[in-house]
Amino acid sequence: MSIVLHGVPVGAGIAIGRAHLVVRGMDEVPHYDLDERELAADVLRYEQAIKATRRQLEQLRNNIPENAPAELGAFISLHLMLLSDVTLSREPIDLMRAQYINAEWALKLQADRLAEQFDAIDDDYLRERKQDMLQVVERIYKNLRGLETELEIVEDGEDDIILLAHDLAPADTVYFKNSQIAAFVTDVGGQTSHTAILGRSLDMPSVIALGHARDLVREDEWVIVDGTAGVLIVAPDDVVLAEYRQRMRAYRSHKRQLGKLKKTAATTQDGINIEMLCNIEGSEDIRALHNLGADGVGLLRSEFAYLNRDNLPDEEELFQLYADLVKKLKGKPLTIRTVDLGVDKNPRWFDHHQALNPALGLTGIRLCLAEPVMFRTQMRAILRASALGPVKMMWPMIASLEELQRCHMHLQTARQQLREREQAFDEHMPVGMMVEIPSAALTIATLIKHVDFLSIGTNDLIQYTLAVDRGDESVNYLYQPHHPAVLKLVQHVLRTGDKAQKPVSVCGEMAGDERYTRLLLGMGLRRFSMNVNNVLAVKNRIIQSDVDTLEGAVQRMVRNDSPEKAAAMLKKLNQTEAVSL
Ligand code: PEP
Ligand code: MG
């Protein structure tokens with residue numbers, strides 16, 4: 001009988017193959033007492049295990065294949081840092097000496113202690129570093145025991161291999177790309193765990209956080225991984241197998257087709273060129289951006305440099321970060337959004353716990369205006385980067401003209417400070433604002449006079465228009481991008497931008513969701529900014545659309561007041577062939 005297990009989807013796609021269970025290294029840790037003489041020898045054994053672990057990780061880091069994910073090196077470096085930390089390099093030895101116990105047991109005690117400390121951390125990202133620590137511990141342990149440290153996959157037969165592991169360390173995935181491994185699943189992991197990030201970058205069907213799935217699977221058994229749905233099917237019967245083989249073929253063929261679009265221009269059937277921009281958070285996605293033929297960065301979420309630290313980044317550090325991005329973009333534009341902190345992304349120094357409703361509190365531009373030194377520091381770094389290439393500055397969460405004027409005042413000061421220091425910047429660097437609050441959308445005719453461009457942040461615009469928390473699953477069904485109230489606001493902003501002859505883009509998730517591509521095209525959008533993973537699917541929709549024939553249907557959709565009717569109309573818009581709409 002087949003079993004269906006649900007986890008967190010990571011890498012999309014479907015794989016069918018034979019299960020290979022990765023043995024856990026630390027299931028039964030030996031525990032014994034030592035006398036003085038044995039203790040000295042065991043301490044030496046521990047020190048050698050640390051050295052061996054360092055050598056292996058360094059070797060892996062120095063031999064990363066070309067086609068491996070870009071972030072792999074950084075992740076292995078993090079493991080090397082964890083290894084050098086006293087908590088792993090010295091404290092287990094202190095425990096051995098204090099309790100006269102063997103090295104393996106001291107390592108286990110220390111790992112349990114550290115795991116507890118990680119579990120108590122509030123910050124999701126930092127808490128998930130527990131897995132990194134445990135992965136390093138496991139490697140030290142294997143070296144202590146003389147066990148094989150590298151993942152051993154016997155590649156024989158024709159069938160694909162599906163890896164089932166308790167967890168996978170970045171180092172385990174180094175050679176995945178050239179192997180017979182078609183998919184992997186793990187017991188543990190969260191959305192921002194390194195395993196999840198690598199799963200996405202490896203472009204391999206993968207599911208994490210499956211609990212104790214491995215207990216239900218036998219070595220060599222047939223399994224199906226549906227990485228899009230986050231499902232593992234154990235021992236599928238013939239009917240299920242046939243169904244998934246068909247789905248796998250369809251998915252692969254669709255992906256191959258999309259892959260061919262990399263060099264194709266995003267031009268509609270009636271010859272309108274669409275600008276394809278990307279939303280990025282750091283430099284990791286820039287290689288993909290170039291590969292996909294995207295036109296530049298429409299949104300750099302700059303918060304990453306402010307998180308997971310106790311202090312604020314200084315101007316030089318920020319400048320270096322932006323300068324590196326400008327260089328890597330090779331002449332393509334970089335739109336840097338000034339920090340948008342305070343709701344889901346919180347620096348440690350910002351205590352928002354008293355806020356009853358953080359999304360309506362001191363967030364986005366409000367927080368920047370309340371912290372002018374921080375704001376101007378970032379502005380100076382952005383201005384300096386503008387001397388090196390096409391950089392634009394964008395302000396988030398603007399709700400009123402007064403806020404916009406205050407932003408301009410700080411910008412003038414930042415410019416003046418640089419002039420006094422005789423530091424170069426582009427005097428004409430474009431400055432724009434995000435439209436993500438209904439009050440801004442409704443008064444956009446006035447606000448637009450004070451900026452060079454607009455970008456509609458539909459994620460927040462939907463949240464604030466419909467009064468639906470974008471992160472609350474219990475009201476997810478009310479989060480409707482196609483709601484006529486949202487569409488009327490988006491349309492109004494696009495038309496106002498057109499009249500003022502100022503560029504308007506959409507950088508919320510709506511722009512990266514192919515279900516809304518035709519709707520946005522029909523409303524007049526010509527600049528889409530999205531996650532790199534969505535570029536080809538959206539481009540595919542664009543080249544299959546005829547804007548001229550879309551406009552009538554889209555106008556009827558915007559004028560209509562019923563979300564249900566809008567949903568039905570949207571479906572029709574996507575079903576119909578572009579030319580015969
Ligand atoms: C948005 O609100 O649509 C947006 C792009 O900003 P963020 O998702 O970072 O809030
Ligand atoms: Mg937003």
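Read the numbers this way: they start at 1 and go in the same order the structure lists the ligands and their atoms. On a predicted model such as this, the values are computed, not experimentally measured, just so you know.
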Trainee: Please could you name the atoms of ligand 1 that Leu299 approaches to less than 4.0 Å, counting only its heavy atoms?
Mentor: 5 (C)
Trainee: Which of the N/O/S atoms in Asp460 sits closest to the Mg ion (ligand 2)?
Mentor: OD2
Trainee: State the atoms of ligand 1, each with its element, that fall below the 4.0 Å cut-off from a heavy-atom position in Asp460.
Mentor: 1 (C), 2 (O), 3 (O), 10 (O)
Trainee: Is it the case that Gln257 and Lys260 place a side-chain donor and acceptor less than 3.5 Å from each other?
Mentor: yes
Trainee: Is it true that Asp132 and Arg129 have a side-chain N and a carboxylate O under 4.0 angstrom from each other?
Mentor: yes
Trainee: Pull out every atom of ligand 1 sitting under 4.0 Å from any heavy atom of Met434, numbered as shown with elements.
Mentor: 4 (C), 5 (C), 6 (O)
Trainee: Taking the ring centre of each residue, are His450 and Trp395 less than 6.0 Å apart?
Mentor: no
Trainee: Taking atom 5 (C) of ligand 1 as the point of reference, which of Glu303, Glu281, Arg301 owns the nearest heavy atom?
Mentor: Arg301
Trainee: Decide whether Asn540 and Gln544 meet the rule of one side-chain donor and one side-chain acceptor closer than 3.5 Å.
Mentor: yes
Trainee: Relative to atom 10 (O) of ligand 1, which among Arg470, Gln463, Met397 owns the nearest non-hydrogen atom?
Mentor: Arg470
Trainee: Can you check whether Glu509 has an N/O within less than 3.5 Å of an N/O in ligand 1?
Mentor: no
Trainee: I want to check a possible cation-pi pair here: Arg384 against Phe425, using under 6.0 Å from ring centre and within 45° of the ring axis as the test.
Mentor: no
Trainee: Quick check on the Mg ion (ligand 2): does Glu436 put an N/O/S atom closer than 2.8 Å to it?
Mentor: yes
Trainee: Could you tell me if Glu316 and Gln320 have a donor-acceptor pair between their side chains, going purely by distance under 3.5 Å?
Mentor: yes
